[in-house]
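Notes follow the structure.
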Amino acid sequence: MDELTGEVLLDLAGTHDMHRLMEDADLTGWGWITPAQVQGFLQQKGSYLAGYRDPVWGNKTAATLIVERSRAHGISPLYMLARIQIESGLIQSGNSNNLAKATGCGCPDSGGCSSNYAGFGNQIECGAAKIRNYLRDLDAGRPTVSGWKVGLTKQTLDPCTVTPATKATAALYTYTPWVGAYAMQCGRTTVGGSSLVSAVFARYRTDYNWGSSCVIMGDIKAKYDAVNGPVLLGACQAGELSTPDGVGRFNHFERGSIYWTPTLGAHVVMGQIRIKWEQLGWEVSVLGYPITDELTTPDGVGRYNHFERGSIYWTEATGAWEIHGDIRAKWEQLGWERSELGYPTTGETKTPDGAGRYNHFQNGSIYWTQATGAHEVRGLIRAKWEQLGWEKSYLGYPTTDEQATPDGVGRYNHFERGSIYFTPATGAHEVIGDINTKWIALGREAGLLGYPLTDETKTPDGVGRFNHFQNGSIYWTATTGAHEVHGPIRAKWESLGWETGALGYPVKDEYAVTGGRESEFQKGFLTLNTATNTVTVRMK
């Protein structure tokens, strides 16, 4: 008896390589198996499940649930049968009704099962989803949640020192961290462990006539032949199947898939792009079905597939990321990966404030809201916006792409409540609120003040705000409003201590007087004699 599960161990032990318990194609293949075949297998074994229907899952038969949930996660139904048997004995017993522990999902060896996964259908869904999650990590080159990875040596709980040779083996040890009684190198004879899954799988694959392993036909066969499928995609792993949404058909191969619909035709998806599409939910994701094969980008660096409602782009440096909707339309308008932005480095993501969406790229970002549309931000303007707090800053979301200023010297983005302006000489600075309104009224960078030299800044006395510009400043308080000060008058005001001096804040822009120019302040005036270039003070 297995001391952990209570199940009777098989007669033959020590026949499996603990480093290679299962091939990847065995764990993710066998997709051609039908519910009718599984039903026949259960009846052949005298299984309790042969007569079971799950009321929580639409009164579906156990055979239907095993096939449907396995296919939904790209896991072999034959593996699922082996997993059910070693965890609960439900396959080979007419008496066992241990539905709560059907796949052992959420049921640690220390005892007890989580109520979140109770019920047969929930157990099948949980067991298939967990294995798929482990494979996603492994496909992306990451170790699984418990540290298993191909080529990485690790101790099991037997203990045995194992170096998984396949992703399937690493996934099995993540699910059940025992080698058990069926490995030739190591293991405990009183525990079935992961080697028992391998042993039961091997027995079940020959216990029943599961039919042809793969059928390729029609438009999918034509596409397979057209792309030299044996070389590009490898051997067929899942015969032509109907997609879960009922619209299309597909075949899985060693290195990719071909998906087909009557309106879109047949297209190849493979490698990291296929993994990303799978993570998003295949054809029921926001992207829909592929409308191109995987293609090389015009710059020769990356690869991509276009889908009904978006695209996935990949490079060795950035990985594979999806882009869709208005953000994709903006990126296309800018020139795709040959634009200033380069390739995406994230998928479309919700902003922290919940109002917008964004993709980051190698050299910038595109942000979108329903109110503002999609706009790109990049370079030092983006760096400044990031420093200020992105869309949560006072500026809010961008309302323009980065633009060249009319004088050709600078660059800018307008935002919901202000702007960021940049030149190589001045750097990137934000101008907002009433100061921005005043600067606009004065002609922005083409006016007398020129470009900003600072962001809007709190005055030392804490009462006002200001921006310094190339040729002057704008100061603001709630009581005085926003006013510009420049030239010799500004220099004199600075020498007197700015707003903390005797004059206080400006209350008017500079204006003409007889013989010169003048600015009015809260407590006095500064008057410029243009003939002598001297500034005099007159208090109120």
Indicate whether the side chain of T243 and that of D245 have a donor and an acceptor atom separated by less than 3.5 Å. yes

Do W30 and Y79 come close enough that some side-chain heavy atom pair is under 4.5 Å? no

List the steps, then state whether side chain to side chain contact (heavy atoms under 4.5 Å, CB included) holds for W321 with Q272. CA-CA 9 Å; W321 299 104; Q272 294 297 312; over 6 Å; no

Is the charged tip of K154 near the ring of W148: under 6.0 Å from the six-membered ring centre and within 45° of its axis? yes

Side chain proximity check, K60 to L65, heavy atoms < 4.5 angstrom: yes

T166 and T169: side-chain donor and acceptor closer than 3.5 Å? yes

Say whether T297 and Y343, considering side chains only, have a donor N or O and an acceptor N or O under 3.5 Å apart. yes

Does the plane of the ring in F41 sit parallel, tilted or perpendicular to the ring in Y208? Use 30° and 60° as the thresholds. perpendicular

Smallest separation among heavy atoms of A170 and V150, with atom names: CB-N, 4.4 Å

With a cut-off of 6.0 Å (strictly less than), are more than 12 heavy atoms of other residues, nucleotides or ligands near CD of Q279? yes

Tell me if a side-chain donor or acceptor on R309 pairs with a main-chain N or O of V286 at a distance below 3.5 Å. yes

Within 6.0 angstrom of N228 CG, more than 12 heavy atoms from elsewhere: yes

Which pair of heavy atoms, one from K330 and one from A374, lies closest together, and at what distance? CE-O, 2.9 Å

Should the ring pair W282 and Y259 be called parallel, tilted or perpendicular, given that the plane angle runs from 0 to 90° and is split at 30 and 60? parallel

What pair of heavy atoms forms the shortest contact from T161 to H19, and how long is it? O-CE1, 3.6 Å

Under a 4.5 Å cut-off applied to non-hydrogen side-chain atoms, are K223 and D293 in contact? yes

Check: E125/H73 side-chain N/O donor and acceptor closer than 3.5 Å: yes

Minimum heavy-atom distance between D26 and M22, given as atom pair plus value: CB-CG, 3.7 Å

Is the distance between the ring centroids of W260 and Y289 under 6.0 Å? no

Applying side chain to side chain contact (heavy atoms under 4.5 Å, CB included), run through T64 and V38 and close with a yes or a no. CA-CA 8 Å; T64 297; V38 172; over 6 Å; no

Is a side-chain donor-acceptor pair under 3.5 Å present for S146 with Y134? no

Would the number of heavy atoms belonging to other residues, nucleotides or ligands and lying under 6.0 Å from CZ of F253 be above 12? yes

Under 6.0 Å between ring centres, would you say that holds for W385 and Y367? yes

Heavy-atom closest pair, residues N413 and V377: ND2-CG2, 4.0 Å

Taking side chain as C-beta onward, heavy atoms only, is I366 less than 4.5 Å from L341? yes

Do I216 and I258 come within less than 4.5 Å of each other through their side chains, counting heavy atoms only? no

Can you tell me if Q123 and T103 form a side-chain donor-acceptor pair at under 3.5 Å? yes

Can you confirm whether or not the ring centre of H360 sits under 6.0 Å from the ring centre of W390? yes

